[in-house]
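Below is one structure, written out as structure tokens; the observations come after it.
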Amino acid sequence: MFSMMLIKLRYSDELFWTASLATVTHPPRAEQQLQLMGGFEEKAYLAGKQMKPGEDPYREHAFNLQESNRLGSERAIRDTRHYRCASVNYDADLPPTSVIITFHNEARSTLLRTIKRWAHARTRERTHARAHARTHTDARSPEDCQLLSQIQKVHCLRNGRREGLIRSRVRGANAASAPVLTFLDSHCEVNADWLQPMIQRVKEDHTRVVSPIIDVISLDNFAYLAASADLRGGFDWSLHFKWEQIPIEQKMARSDPTLPIRTPVIAGGIFVMEKNWFNHLGQYDTHMDIWGGENFELSFRVWMCGGSLEILPCSRVGHVFRKRHPYDFPEGNALTYIKNTRRAAEVWMDEYKQYYYSARPSAQGKAYGSIAERTALRRKLNCKPFRWYMENVYPELRWAHARTQVHAHRCTHKHKNTRTRTIKHMHTRARTRTHI
């Protein structure tokens, strides 16, 4: 089961203090730790799940658990923002946000570092946190919620059965009391002043859905590495997410490196969105299973139904990117991803879904359930067609399609010629054998 933590933050002058942009963000002092963590017994929590001698450190979590445990629950990380971000001002009356963290058998040291980095950051960002954490775990770790709920402002919810990230996030959003939702993965480390830029943008326009630049935390040694500030989210026709360079014309027009970056899609793990807008747009498609494809469905829906997606360079969050899933999918990873992306294609891509099926022929004939509720939602919201999305949001996808068509034509032509030569060669060899 996924666990979910819901954390409510309120901006206040109580913990306000001014700090210049530092090269390194340090852990909080001992007295701050006591105030932030309450009666939580960290040593007992971490000791409850330790590696066995000789155990493969990558086996259970698909990253180096030994290195994560060695780092502990807190460390100093480098501030990776552009230096101009230090001079950007934000409103003093930013609305509170509920931070929703879902996890499924996450490594305790990694999860606790996610929580404590946020707890530390809120003191630096003049935030007074009223945190409500909803956690969803499976039967193997029922005590996780009980222990984590001892942390001040954290409330943990546990699913009674395996629900997956998508339905767990919906449960967390429903339980959230703040007007703004912040979704955060369970293997992250937030950087300096990460939250204000996103809350500010949502406050200015409630239809914005905003994401930070996602830095890389090495799965091997947990080194914190700065990601490029010139990237946005993209995808190919198989609905495979990819990071891609900002189009050159947009890059040339960006005179200020702190300005938001328009993005066709978001990675989906970390973003901020107003709760009423999230509900109005239909939350998530809860008939999708476990993980995968939900970021496309949400991104299409936001753009086509009156909103926008942005990546904010002055917000940085580190994330452990893994090479495999550390958990099982009841129907298998491939079938689950096909089901989820097929639902997104059938509801939102109109006639362009044919290119999805061309790029992912294995999706043909695979079950994807009823989409009646989601198509009714689209009609109710009076959303734009996918053609509008391609023309106004992601025209580069059309060019990619044109290149693919040319490439396919050349490959087909080459294949035909090769096949003709091969057949002639076989006929020649056959005649030779006959003669012999």
Side-chain angles (χ1 to χ4, degrees), residues 102 164-170 183 185 208-211 214 231-244 261-273 277-278 281-311 319 321 325 329 333-364 366 368-369 371 373-375 377-378 381 383-398 400-401 404:
T102 59
L165 176 142
I166 298 164
R167 289 189 287 273
S168 294
R169 281 189 164 182
V170 170
F183 293 97
D185 274 348
R208 289 174 180 150
V209 177
V210 296
S211 176
I214 303 177
L231 299 178
R232 69 176 189 176
F235 60 94
D236 58 28
W237 283 110
S238 69
L239 294 188
H240 173 77
F241 178 85
K242 60 182 180 179
W243 296 107
E244 62 183 25
I261 299 167
R262 276 171 46 106
T263 182
V265 292
I266 55 174
I270 309 165
F271 65 94
V272 173
M273 185 175 186
W277 183 236
F278 179 72
L281 288 183
Q283 300 184 330
Y284 278 110
D285 179 355
T286 55
H287 290 284
M288 290 184 172
D289 289 331
I290 309 298
W291 176 95
E294 79 286 346
N295 59 320
F296 296 113
E297 197 274 342
L298 177 65
S299 297
F300 296 159
R301 188 157 35 92
V302 168
W303 276 115
M304 294 165 62
C305 305
S308 62
L309 297 173
E310 297 178 347
I311 294 173
H319 179 273
F321 289 94
H325 295 289
F329 290 71
N333 180 11
L335 283 179
T336 300
Y337 195 80
I338 285 173
K339 172 187 176 180
N340 292 353
T341 53
R342 192 174 182 192
R343 289 183 66 85
E346 288 288 339
V347 174
W348 297 102
M349 293 180 69
D350 301 333
E351 68 271 21
Y352 293 92
K353 66 185 179 184
Q354 64 177 304
Y355 303 125
Y356 163 77
Y357 290 115
S358 296
R360 197 179 283 274
S362 59
Q364 291 280 7
K366 296 295 191 300
Y368 59 92
I371 56 172
E373 291 182 5
R374 303 309 284 184
T375 54
L377 172 69
R378 180 177 173 178
L381 295 175
C383 302
K384 296 180 177 68
F386 196 76
R387 177 182 293 276
W388 175 91
Y389 174 86
M390 289 189 62
E391 292 174 349
N392 295 275
V393 179
Y394 202 15
E396 294 79 12
L397 185 63
R398 182 184 296 275
H401 168 63
T404 301

Measuring only between side-chain heavy atoms, which start at C-beta, is [X] closer than 4.5 Å to [Y]?
X: Met304; Y: Val393; answer: no
X: Cys305; Y: Trp277; answer: no
X: Leu298; Y: Phe271; answer: yes
X: Met349; Y: Leu239; answer: yes

Give me the one residue out of Arg378, Arg167, Arg343 that meets salt bridge (Lys or Arg N to Asp or Glu O under 4.0 Å) with Asp285.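 The residue from Arg378, Arg167, Arg343 that satisfies salt bridge (Lys or Arg N to Asp or Glu O under 4.0 Å) with Asp285 turns out to be Arg343.
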Heavy-atom pair with the smallest gap, counting every atom of Ser299 and Val265: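 Residues Ser299 and Val265, closest heavy atoms: OG-CA, 3.4 Å.
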Work out which heavy atom in Arg360 is nearest to a heavy atom in Ile338; give both atom names and the distance.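 Looking at all heavy atoms of both residues, the shortest contact is CD-CG1, 4.1 Å.
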Tell me every residue that passes side-chain hydrogen bond (donor to acceptor under 3.5 Å, both in side chains) with Glu373, counting only those two or more places apart in sequence or in another chain.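 Checked Glu373 against side-chain hydrogen bond (donor to acceptor under 3.5 Å, both in side chains); zero matches.
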Rounded distance [0.5 Å steps], [atom1] in [X] versus [atom2] in [Y]:
X: Ile214; Y: His319; atom1: CD1; atom2: NE2; result: 7.0 Å
X: Gln283; Y: Phe278; atom1: CD; atom2: CZ; result: 5.0 Å
X: Phe321; Y: Asp185; atom1: CZ; atom2: CG; result: 8.5 Å

Step through it carefully: locate the ring centre of Tyr356, locate the ring centre of Phe296, and say whether they are under 6.0 Å apart.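 No: the rings miss the under 6.0 Å criterion.
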Ring-ring centroid check Phe235 Phe241, cutoff 6.0 Å: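 Judged by ring-centre distance (under 6.0 Å), Phe235 and Phe241 do not meet the cut-off.
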Going by the rule side chain to side chain contact (heavy atoms under 4.5 Å, CB included), which residues pair with [X] if we only count those two or more places apart in sequence or in a different chain?
X: Ala359; answer: Trp237, Ser238
X: Thr263; answer: Arg232, Ile266, Leu309, Ile311
X: Leu377; answer: Arg301, Arg374, Leu381

Under the side-chain contact (heavy atoms from CB on, under 4.5 Å) criterion, do Glu294 and Leu165 qualify, and how do the steps go? CA-CA 10 Å; Glu294 79 286 346; Leu165 176 142; 4.1 Å; yes
Presence of salt bridge, Lys339 and Asp289, under 4.0 angstrom: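 Judged by the 4.0 Å cut-off on N to carboxylate O distance, Asp289 and Lys339 do form a salt bridge.
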N/O donor-acceptor pair under 3.5 Å between Gln364 side chain and Ser362 backbone: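 Between the backbone of Ser362 and the side chain of Gln364 there is no qualifying donor-acceptor contact (under 3.5 Å).
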Just grab all the salt bridge (Lys or Arg N to Asp or Glu O under 4.0 Å) pairs involving residues 261-271, residues at least two apart or on different chains.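 Found none.
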List the atom pairs, donor and acceptor, that lie under 3.5 Å between side-chain atoms in residues 384-391 and the rest of the protein, sequence neighbours left out.
unit_1	atom_1	unit_2	atom_2	d
Arg387	NH1	Tyr352	OH	3.4
Arg387	NH2	Tyr352	OH	3.4
Tyr389	OH	Pro264	O	3.0

